[in-house]
A.B. asks: 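If you scroll down you'll find the structure; I have some questions about it.
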Amino acid sequence: PQSIKRALAWPYPNNVTFIVPGGIAEIFLMRPDLEQVFIKSRKGFVRLALQAGVDIVPVYGLGHTQLFSMLDKSSALGGFLMRMSRRLKV
């Protein structure tokens, strides 16, 4: 939250901030054959934007799941990175 608050406090014209609500956790849940958004439990950024008095412009990029090769969370490396991400809360 502190880094988001700092980013939202920048003066114009340096005040454009992109926030990916799904965060790093979303990387481990993506599938190349399905477009989905993980936002239900990630609404704190809206509260922070309202407090900062900034606009929110919703944007969605179609086809992003096909741009990158994703680690399968059932693989050894994918599972390890997912556990580390959750443990470190990033």
A.B. asks: Sequence neighbours excluded, which residues qualify as side chain to side chain contact (heavy atoms under 4.5 Å, CB included) partners of Leu77?
C.D. replies: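 Result, side chain to side chain contact (heavy atoms under 4.5 Å, CB included) vs Leu77: Leu71, Leu81.
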A.B. asks: So does Arg83 get a backbone contact from the side chain of Arg87, meaning a donor-acceptor N/O pair under 3.5 Å?
C.D. replies: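 Absent.
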A.B. asks: With sequence neighbours left out, which residue pairs that include part of residues 44-63 fulfil the side-chain hydrogen bond (donor to acceptor under 3.5 Å, both in side chains) condition?
C.D. replies: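 Qualifying pairs: Glu35-Tyr60.
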A.B. asks: To which residues is Val57 joined in a hydrophobic cluster, defined by side-chain heavy-atom contacts under 4.5 Å among Ile, Leu, Val, Met, Phe, Trp and Tyr, whether direct or through other members?
C.D. replies: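 Result for Val57 is Val59.
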A.B. asks: Only counting residues at least two apart or in another chain, list the ones meeting side chain to side chain contact (heavy atoms under 4.5 Å, CB included) with Ala9.
C.D. replies: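 Ala9 satisfies side chain to side chain contact (heavy atoms under 4.5 Å, CB included) with no other residue.
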A.B. asks: If two hydrophobic side chains count as joined below 4.5 Å and joins carry through other members, does Val54 share a cluster with Trp10?
C.D. replies: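 No, Val54 and Trp10 fall in different hydrophobic clusters.
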